[in-house]
Amino acid sequence: MRIGFICTGNSARSQMAEGYAKYFAKLYGKDVEIYSAGSNPADRVNPLAIEVMEEEGIDISLNYPKPIEDIPYQQLDIVITLCGDAAETCPAVVGARTEHWNLPDPAKVEGSHEEKLEFFRRIRDEIKLRVEKLIKEL
């Protein structure tokens, strides 16, 4: 079983989803390969994504944004897009289960550092709920 979390920049939402999926797969003893990638990858993982995941005890600091071509995209069993752009631009994977989680981009939020962190935490918590449910149901 291979799961791919796809976003535009692969710098925040899909990276958090990958981190949680690996965590929950291990926790629940699921034999799955987890990937994340972007249709237009950023230069680095967003530091606020790293920070809010560290609050949960999940280290994504060594992760890096990857283009779709760098993962076994056509071999994925489940493809989850986390933004509208990815849902529209990603190639279809024949036979794969696809889901679209249209979550707001926390990297685009304006405000103080604390306001940005709060928004990242809200998105993180939503991703956590969805990823745990997904992994449990495998």
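At most 12 heavy atoms of other shown residues, nucleotides or ligands fall within 6.0 angstrom of atom CG in D43. Sparse packing is recorded around OH of Y64, with 12 or fewer heavy atoms of other residues, nucleotides or ligands lying under 6.0 Å away. More than 12 heavy atoms of other shown residues, nucleotides or ligands fall within 6.0 angstrom of atom CD in E114. No more than 12 heavy atoms of other residues, nucleotides or ligands lie within 6.0 Å of OH in Y23, so this atom counts as exposed by the packing criterion.
V79 and I34 are members of different hydrophobic clusters when ILVMFWY side chains are connected at heavy-atom separations under 4.5 Å. In this structure, Y73 is not a member of the same hydrophobic cluster as M1, with clusters built from ILVMFWY side-chain heavy atoms closer than 4.5 Å. Following chains of ILVMFWY side-chain contacts shorter than 4.5 Å, one can reach W101 starting from V32, so the two form part of one hydrophobic cluster. Hydrophobic clustering (side-chain heavy atoms under 4.5 Å, transitive across Ile, Leu, Val, Met, Phe, Trp, Tyr) keeps Y20 apart from L129.
Considering only heavy atoms from C-beta on, I3 stays 4.5 Å or farther from D77 through its side chain. Within the 4.5 Å cutoff, the side chain of I60 has no heavy atoms near those of the E18 side chain. Looking at I78 and R2, their side chains never come closer than 4.5 Å, going by heavy atoms from C-beta outward. Considering only heavy atoms from C-beta on, M16 stays 4.5 Å or farther from K128 through its side chain. Side-chain contact check for R44 versus N63: every heavy-atom pair is 4.5 Å or farther apart. Between L117 and H113, the closest side-chain pair of non-hydrogen atoms falls below 4.5 Å. At least one side-chain heavy atom of K136 sits less than 4.5 Å from a side-chain heavy atom of Y28.
Interatomic distance, Q15 CD to I127 CD1, rounded to the nearest 0.5 Å: 10.5 Å. From I6, atom CD1 reaches atom CG of L76 across 6.5 Å, with rounding to the nearest 0.5 Å. The distance from atom CG of L103 to atom SG of C7, rounded to the nearest 0.5 Å, is 8.0 Å. Expressed to the nearest 0.5 Å, how far CG of D31 lies from NZ of K26 amounts to 14.0 Å. Summarising the geometry, atom CZ belonging to R130 is positioned 12.5 Å from atom CG belonging to D125; distances are rounded to the nearest 0.5 Å. Taking CD of E99 as the reference point, atom OG1 of T81 lies at 9.0 Å (rounded to 0.5 Å).
What you find for P104 and F119 is that their closest heavy atoms are CB-CZ, 3.8 Å. A pairwise comparison of heavy atoms in C83 and T8 identifies SG-OG1, 3.2 Å as the closest pair. Nearest heavy atom pair, residue K116 against residue V109, reads CE-O, 3.5 Å. Nearest heavy atoms, L82 versus R13: O-NH1, 3.3 Å. Between I135 and K30, the closest heavy-atom pair is O-CE, 3.3 Å. Across all their heavy atoms, A21 and F5 have their closest contact at CB-CE1, 3.6 Å.
Using a cutoff of 4.0 Å between basic side-chain nitrogens and carboxylate oxygens, R122 and E126 are not scored as salt-bridged. Under 4.0 Å is where a charged nitrogen must lie from a carboxylate oxygen, and between R121 and E55 at least one such pair does.
Side-chain contact annotation: Y35 with E33, donor-acceptor N/O pair under 3.5 Å present.
With R124 contributing its side chain and V52 its backbone, the two residues share a donor-acceptor pair below 3.5 Å. With E51 contributing its side chain and L48 its backbone, the two residues share no donor-acceptor pair below 3.5 Å.
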**Request:** Determine, stepwise, if the pair N10 / S36 fulfils side chain to side chain donor-acceptor pair (under 3.5 Å).
**Result:** CA-CA 7 Å; N10 189 220; S36 71; 3.0 Å; yes

